[in-house]
Amino acid sequence: MTGIGTDLEDAFVDDIDDADVEAADAAARAAETDDDAVSRALVVVVDDQAAHGEDLTRIGPLVGELLEEGGYHVDATVAVSGDEVEIRNALNTAVIGGVDLVVSVGGVGVRARDVAPEATEPLLDRRLRGIEEALRSSGLSAGATDGGLSRGLAGVSGQTLVVNLANSRAAVRDGMATLIPLSHFIIDEIGEF
């Protein structure tokens, strides 16, 4: 009988050990899923010093708030001048920093100082013209003229989605409503590589 009891105890201990291992594995998978569930974003506000009366100190926080509502953790909001090199450096720093999404706001119009698209294009591995057109189309239909006439680009740089938006509050609100669901899909797609 002693042998049978010992065998049962050993089997019971083996079951507990297996259960502990399975629970630990499940917890590790859940932790990985939780980490993966929150995508990181960075906001770049392009201050061209001629923002048609928009208060750019409010635009950056607005974009950050909309991103957080859309399931992103916003690493930072940075402001740069309307200089092509400064814009490119800010976007490139975000890409190198490994954020999932970088949104630049401003500098996408037709004025001489609007150079965000020119700063963005060399960084992109692939343009996403469908997103560019969706943002313009939704901007026009929502009455955000600057959003509808924007020269803003969208594309993938490495593992990062990069998008340029116009800087009026209407263009930002409408653009983010259009962008957020699309961005999650794209980030999932580029994350599979």
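If you read the sequence from its start, that first residue is 1, and numbering goes on from there. In this text the structure is predicted, and so the values were computed from the model without any measurement.
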* For Asn92, enumerate each residue passing the side chain to side chain donor-acceptor pair (under 3.5 Å) test, keeping only those at least two apart in sequence or located in another chain. => none
* **For Thr160, side chain to side chain donor-acceptor pair (under 3.5 Å) partners two or more places apart** => none
Atom [atom1] of [X] and atom [atom2] of [Y]: how far apart are they, to the nearest 0.5 Å?
X      : Y      : atom1 : atom2 : result
Leu101 : Ser39  : CG    : OG    : 8.5 Å
Ser168 : Asp146 : OG    : CG    : 3.5 Å
Asp47  : Ile59  : CG    : CD1   : 11.5 Å
Leu67  : Leu179 : CG    : CG    : 7.5 Å
Leu123 : Leu91  : CG    : CG    : 6.0 Å
Glu84  : Thr120 : CD    : OG1   : 9.0 Å

Work out which heavy atom in [X] is nearest to a heavy atom in [Y]; give both atom names and the distance.
X      : Y      : answer
Val163 : Leu161 : CG2-CG, 4.0 Å
Ser138 : Thr178 : OG-OG1, 2.9 Å
Asp174 : Ala142 : OD1-CB, 3.5 Å
Ser81  : Val46  : O-CG1, 4.1 Å
Gly64  : Val74  : O-CG2, 3.6 Å
Asn164 : Pro117 : OD1-CA, 3.9 Å

Determine whether [X] and [Y] make a side-chain contact, defined as any pair of heavy atoms from C-beta on separated by less than 4.5 Å.
X      : Y      : result
Val103 : Tyr72  : no
Leu165 : Met176 : yes
Val63  : Thr77  : no

* Asked: Under 3.5 Å, side chain of Asn167 to main-chain N/O of Gly106, donor-acceptor pair present?
  -> no
* Asked: Are the side chain of Ser183 and the backbone of Ile180 linked by a donor-acceptor contact shorter than 3.5 Å?
  -> yes
* Asked: Would Arg136 and Leu140 count as a side chain to side chain contact (heavy atoms under 4.5 Å, CB included) if you check the C-alpha gap in whole Å, the side-chain angles of each, and the deciding distance to 0.1 Å?
  -> CA-CA 6 Å; Arg136 281 189 273 279; Leu140 282 175; 5.7 Å; no
* Structure fact -> Contacts satisfying salt bridge (charged side-chain N to carboxylate O under 4.0 Å, His left out) that involve residues 65-78 (not counting sequence neighbours) are Arg40-Asp75
* Asked: Is the shortest distance from a Lys or Arg side-chain nitrogen in Arg88 or Glu118 to a carboxylate oxygen in the other one below 4.0 Å?
  -> no
Membership question, hydrophobic clusters at under 4.5 Å side-chain separation (ILVMFWY): are [Y] and [X] in the same one?
X      : Y      : value
Ile87  : Leu42  : yes
Val43  : Val172 : yes
Val108 : Val78  : no

* Asked: So Ile186 and Ile131, side chain to side chain contact (heavy atoms under 4.5 Å, CB included) or not? Walk me through it.
  -> CA-CA 10 Å; Ile186 292 165; Ile131 290 183; 2.8 Å; yes
* **Residue pair Asn89, Val80: steps toward the side chain to side chain contact (heavy atoms under 4.5 Å, CB included) verdict** => CA-CA 10 Å; Asn89 287 343; Val80 297; over 6 Å; no
